[in-house]
S.K.: 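The structure's right below; bear with me while I get my questions together.
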Amino acid sequence: MAVTSVTEERPQRLRRMRILPRRFVLATLAVLAVVAVALLAAFAFDRLYAGRVLPGVSVAGVDVSGLTADELVARLQALPVAPEAVEIVTGDSRVSVGSAGLGRRVDIDGAIAAALAAGRVAGPLADVPERFAMWRDGRPVDLATSVDRPALAAWVAARAEELRVTAVSAQIVATTNGWVATVPREGQFLDEAAAVKAIDAALADRTAATAHVELPMTAVPPQVANEDAARAIAAAERMVLPLTVNFRDDATWTIPTATLRAGIRFEDGDEGPVPVINTDVLTPTLTGIAKDIARPANETMILRSKTGKTFGFVPGKNGRNVDIAATAGQIADVLAERSEGSVESDAPAPVVLSVLPPELSAAEAAMSTHQVSLVGAWTTRFVSSEKNGFGNNIRIPARLINGTVVGPGQVFDFWRTVGPVTFARGFRMGGIIESGRTNPNGAIGGGICSASTTMFNAAIRAGYQVLERDQHSYYINRYPLGLDATVSKYHGKIAQNMRFRNDTANSLYIRGLSGSNWVRFEIYSVPNGRTVTFSRPAVSNVRKAIDTTVRTSSLKRGQTKRVEYPTNGMDVVVYRTVRNTSGAVIHSDRWVSHYIRVDGVLLVGTG
């Protein structure tokens, strides 16, 4: 029975098991059918939109569903993207420029790629929810823009160059009467970095079709304004007033305005142009001044006797020259002070000297001999003519006397020192006074008295003892009145002589010098401290000379010849007093000259 019950229950379980699989199968089949349909639909949808934008996608607010890539390009290229242009205002200038011209670029390729990629992530079936959401809610794609900075900067640079105005300074121009200033001009420029930044911001603003940008210009003042030039010109006019150049108190020169004006130039200063003087223009003027002022050094003189023995030395003296560069610098300083108004307009400039020392210094000379000084000197000027052997009869005695040394107590004798007067020694015929008249070529050596008179005047001024002196028959006005000393010989014998004694304790040295129309004697010795004074010539017994005219056929008609000058007769007395260092009188001399009257004779030709 147990077996039977088991057998009875199994068919029921089997029946129940057969019923469940049918329902399941049916459900499964239904699901599979739905899935199959969905798959077929998804794939069909994907195939339908292959290469096209899925529904719900928009670019920059424009529906692009179902468009291919090529259709997207055409659609997006025609799509206006704000701002389409930028209106740029710079001062009074206004220009409208397309955004593309400013370097704005629209990323169409990126927008196309994003639009085509929308809803295409994991596959046709997996993307169904995403695509449904896109269809339901829409999927916007941005049309991105960018700015090509180099292109924008290039446009701004070109615009800046168009707008740039270069500042022009006032120029100072020389005229014949001074200077004038040209009219300056203010400049302007565009700040390129700020302009690029402002335009870039405007291109990023998508709110309006045309963006507006104002770019301020930066003003550039001229480096030299009107007032700067006027101030410089006024300073220059103060500089070029005539300038006095001073050498000590007794010598001045004036540099004229024209010279100063020619040297003025204008240089840049902290506060505008500044007038300065080009000192090169002063060189010719200062060279001329230097010629007036310059003095060569008096060289240290070694005195040697006729035998060549050293007598002593006379210290030289410094010479002077004008330091042209330093003087020009002083002038420049004064002119600069004039321009600043810190000195009066007539302020002078000093001459700057440079010292020219002797080649041989006194210290060097003292190593080989002793120092002596000039104790007496005199110079006589004459006219070279037949009356003095055309100067030979004066210059030769000076040369023969030169180098004469007279020891203490010794006597200087003119004729003994000069020696014989012969043609062989260079003497010529010259004038003498005969019977109160001038014989222009009456004797050899005529005119030698200029040498004896000059030697006499040097000796008496040195304070030596005079032993012999004679006057001329009539007064010759080139000699000191009452202090002439004539010499003469007749038939080789001395008739008149000039002699003096060296009555000091030191030897004296005579230096004879001569030129074309002058003769000079200098006496050197150790200073003896003597002082010499002369009285004013006392003139008395004046006999007035007259002038006469003598007609002669020896001259052509209309020719004249002066053979005698009218010379008053007179008596003249001159006193000399010589004192020693204590003031005691050593010599008291009284020289009396009795000059005859000579009437003038002028020959007038009748031939």
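Computed from a predicted structure; not experimentally measured. Sequence positions, counted from 1, serve as the residue numbers for this chain. The analysis underlying the following values was restricted to heavy atoms, covering all of them including side chains, and did not include hydrogens, waters or symmetry mates.
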S.K.: With side chain to side chain contact (heavy atoms under 4.5 Å, CB included) as the test, would you mind laying out the steps for Val89 and Leu215 before giving the verdict?
M.R.: CA-CA 6 Å; Val89 179; Leu215 302 178; over 6 Å; no
S.K.: Charged N to carboxylate O below 4.0 Å: is that the case for Asp148 and Arg104?
M.R.: no
S.K.: Nearest heavy-atom pair of Thr182 and Ala170: which atoms, and what distance?
M.R.: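 Answer, listing the atom of Thr182 first, then Ala170: O-CB, 3.4 Å.
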S.K.: Hey, does the Lys NZ or Arg CZ of Arg461 hover above the aromatic six-ring of Phe534, less than 6.0 Å from the centre and inside 45° of the axis?
M.R.: yes
S.K.: If every non-hydrogen atom of Ala297 is compared with every non-hydrogen atom of Pro358, which pair is closest and at what distance?
M.R.: CB-N, 3.9 Å
S.K.: Assess the side chains of Thr68 and Asp70: does a donor N or O sit below 3.5 Å from an acceptor N or O?
M.R.: no
S.K.: In Å, rounded to the nearest 0.5 Å, how long is the span from CG of Leu67 to CZ of Arg52?
M.R.: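 Rounded to the nearest 0.5 Å, the CG-CZ separation comes to 8.0 Å.
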S.K.: Would you confirm whether Asn388, through its side chain, and Ser385, through its main-chain N or O, come within 3.5 Å as a donor-acceptor pair?
M.R.: yes
S.K.: Among all residues two or more places apart in sequence or in another chain, which pass the side-chain contact (heavy atoms from CB on, under 4.5 Å) test with Arg562?
M.R.: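 Arg562 satisfies side-chain contact (heavy atoms from CB on, under 4.5 Å) with Asp547, Tyr565, Pro566, Leu602 once adjacent residues are dropped.
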S.K.: Measure the CG-CD1 distance between Leu152 and Ile199 for me, rounded to the nearest 0.5 Å.
M.R.: 5.5 Å
S.K.: Does a sphere of radius 6.0 Å around CH2 in Trp518 hold more than 12 heavy atoms from other residues, nucleotides or ligands, not counting ones at 6.0 Å or beyond?
M.R.: yes
S.K.: For the pair Thr454 (side chain) and Phe521 (backbone), establish whether a donor and an acceptor sit closer than 3.5 Å, ignoring hydrogens and angles.
M.R.: no
S.K.: Apply side-chain contact (heavy atoms from CB on, under 4.5 Å) to Thr254 and list each qualifying residue two or more places apart in sequence or on a separate chain.
M.R.: Pro242, Thr244
S.K.: Which heavy atom of Ala153 sits nearest a heavy atom of Val196, and at what distance?
M.R.: CA-CG2, 4.0 Å
S.K.: Side chain of Asp127, backbone of Pro124: donor and acceptor closer than 3.5 Å?
M.R.: no
S.K.: Rounded to the nearest 0.5 Å, what's the gap from CZ on Arg231 to CG on Asn226? Could you check?
M.R.: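 Taking CZ in Arg231 and CG in Asn226, the distance rounds to 11.5 Å.
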S.K.: Please check if the number of heavy atoms outside Glu214 that lie under 6.0 Å from its CD is greater than 12.
M.R.: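 Atom CD in Glu214 is not crowded, with 12 or fewer foreign heavy atoms closer than 6.0 Å.
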S.K.: CE of Met217 to CG of Leu190: how many Å apart, nearest 0.5 Å?
M.R.: 5.5 Å
S.K.: Between atom CG of Leu360 and atom CD of Glu299, what is the distance when rounded to the nearest 0.5 Å?
M.R.: 8.0 Å
S.K.: Do Leu282 and Ile255 have side chains that get closer than 4.5 Å, going by heavy atoms?
M.R.: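 Side-chain contact under 4.5 Å: yes.
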S.K.: Please name all residues satisfying salt bridge (Lys or Arg N to Asp or Glu O under 4.0 Å) with Arg75, sequence neighbours left out, ordered by chain then number.
M.R.: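 Residues passing salt bridge (Lys or Arg N to Asp or Glu O under 4.0 Å) with Arg75: none at all.
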S.K.: Any side-chain heavy atom of Gln371 sitting closer than 4.5 Å to one from Pro315?
M.R.: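 With C-beta onward as the side chain, the pair touches.
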S.K.: Can you see which heavy atom on Gly391 is nearest to which on Phe382, and at what distance?
M.R.: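 Closest pair (atom of Gly391, atom of Phe382, distance): CA-CE1, 4.0 Å.
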S.K.: Any side-chain heavy-atom pair from Leu374 and Val314 closer than 4.5 angstrom?
M.R.: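 The answer is no; the side chains never approach within 4.5 Å.
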S.K.: For Ser169 and Gln223, indicate whether the former's side chain and the latter's backbone hold a donor-acceptor pair under 3.5 Å.
M.R.: yes
S.K.: Are any of the side-chain heavy atoms of Val81 and Thr145 separated by less than 4.5 Å?
M.R.: yes
S.K.: What pairs meet the salt bridge (charged side-chain N to carboxylate O under 4.0 Å, His left out) rule with one or both residues in residues 322-351, with sequence neighbours excluded?
M.R.: none
S.K.: Go through the steps for Glu84 and Arg206 under the test salt bridge (charged side-chain N to carboxylate O under 4.0 Å, His left out), then give the verdict.
M.R.: CA-CA 9 Å; Glu84 297 179 57; Arg206 307 281 284 275; over 6 Å; no
S.K.: Which atoms form the tightest heavy-atom contact between Ala326 and Val352, and what is the distance?
M.R.: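 Looks like CB-CG1, 3.7 Å.
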S.K.: Do other residues, nucleotides or ligands put more than 12 heavy atoms under 6.0 Å from Arg265 CZ?
M.R.: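 Result for CZ/Arg265: enclosed.
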S.K.: Would you call Val141 and Ser58 a side-chain contact if the rule is heavy atoms closer than 4.5 Å?
M.R.: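 Of all side-chain heavy-atom pairs linking Ser58 with Val141, none is under 4.5 Å.
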S.K.: So, the side chain of Ser384 versus the backbone of Phe390: is there a donor-acceptor pair under 3.5 Å, distance only?
M.R.: yes
S.K.: Measure from the side-chain N and O atoms of Arg320 to the backbone N and O of Ile293, and report whether any donor-acceptor pair falls under 3.5 Å.
M.R.: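 Yes.
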S.K.: I want to check something: taking the side chain as every heavy atom from C-beta on, are Val53 and Leu72 in contact at a cut-off of under 4.5 Å?
M.R.: yes
S.K.: So Phe266 and Trp179, would you call those rings parallel, tilted or perpendicular, with 30° and 60° as cut-offs?
M.R.: perpendicular
S.K.: Just by distance, with hydrogens left out, do Asp292 and Trp253 show a side-chain donor and acceptor under 3.5 Å apart?
M.R.: yes
S.K.: Can any side-chain N or O of Asn517 pair as donor or acceptor with the backbone N or O of Arg381 at less than 3.5 Å?
M.R.: no
S.K.: Would you say the side-chain atoms of Ser93 pair up with the backbone N or O of Thr90, donor to acceptor, closer than 3.5 Å?
M.R.: no
S.K.: Looking at Arg159 and Glu192, is any side-chain nitrogen of the basic one under 4.0 Å from a carboxylate oxygen of the acidic one?
M.R.: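 No, this pair does not count.
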S.K.: Could you tell me if Ser450 and Tyr479 have a donor-acceptor pair between their side chains, going purely by distance under 3.5 Å?
M.R.: yes
S.K.: Taking C-beta and beyond as the side chain, do Arg511 and Tyr524 meet within less than 4.5 Å on heavy atoms?
M.R.: yes
S.K.: Yes or no on side chain to side chain contact (heavy atoms under 4.5 Å, CB included) for Arg120 and Leu54, after CA distance, side-chain angles and deciding distance?
M.R.: CA-CA 9 Å; Arg120 292 184 172 95; Leu54 296 176; 3.6 Å; yes
S.K.: If you look at every heavy atom in Ala69 and Ile112, which pair is closest and at what distance?
M.R.: O-CD1, 4.1 Å
S.K.: If I take atom CE from residue Met239 and atom CD1 from residue Ile331, how far apart are they, to the nearest 0.5 angstrom?
M.R.: 11.0 Å
S.K.: Judged by modelled atom types alone, do Thr175 and Asn177 share a side-chain donor-acceptor pair under 3.5 Å?
M.R.: no
S.K.: Report yes or no: is the cationic atom of Arg520 (NZ for Lys, CZ for Arg) under 6.0 Å from the centre of the six-membered ring of Trp378, at an angle within 45° of the ring normal?
M.R.: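 That pair does not qualify as a cation-pi contact.
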S.K.: Run the numbers on Leu241 and Ser345 for side chain to side chain contact (heavy atoms under 4.5 Å, CB included), then give the verdict.
M.R.: CA-CA 7 Å; Leu241 294 173; Ser345 60; 3.5 Å; yes
S.K.: Could you walk me through whether Met134 and Val57 pass the side chain to side chain contact (heavy atoms under 4.5 Å, CB included) check?
M.R.: CA-CA 7 Å; Met134 288 170 49; Val57 178; 3.3 Å; yes
S.K.: Any side-chain to backbone donor/acceptor pair from Thr327 onto Ile324? Under 3.5 Å, distance only.
M.R.: no
S.K.: Distance alone, cut at 3.5 Å: any donor-acceptor contact between the side chains of Glu364 and Ser361?
M.R.: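 Yes.
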S.K.: Using the side-chain contact (heavy atoms from CB on, under 4.5 Å) criterion, which residues pair with Thr531? Sequence neighbours excluded.
M.R.: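 With sequence neighbours excluded, Thr531 shows a side-chain contact (heavy atoms from CB on, under 4.5 Å) to Arg579, given in chain and number order.
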S.K.: Which residues satisfy the side-chain hydrogen bond (donor to acceptor under 3.5 Å, both in side chains) test with His212, sequence neighbours excluded?
M.R.: Glu87
S.K.: Tell me whether Asn298 contacts the main-chain N or O of Lys317 through its side chain, where contact means a donor paired with an acceptor under 3.5 Å.
M.R.: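 No: the side chain of Asn298 does not pair with the backbone of Lys317.
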S.K.: Do Leu513 and Asn402 come within less than 4.5 Å of each other through their side chains, counting heavy atoms only?
M.R.: no
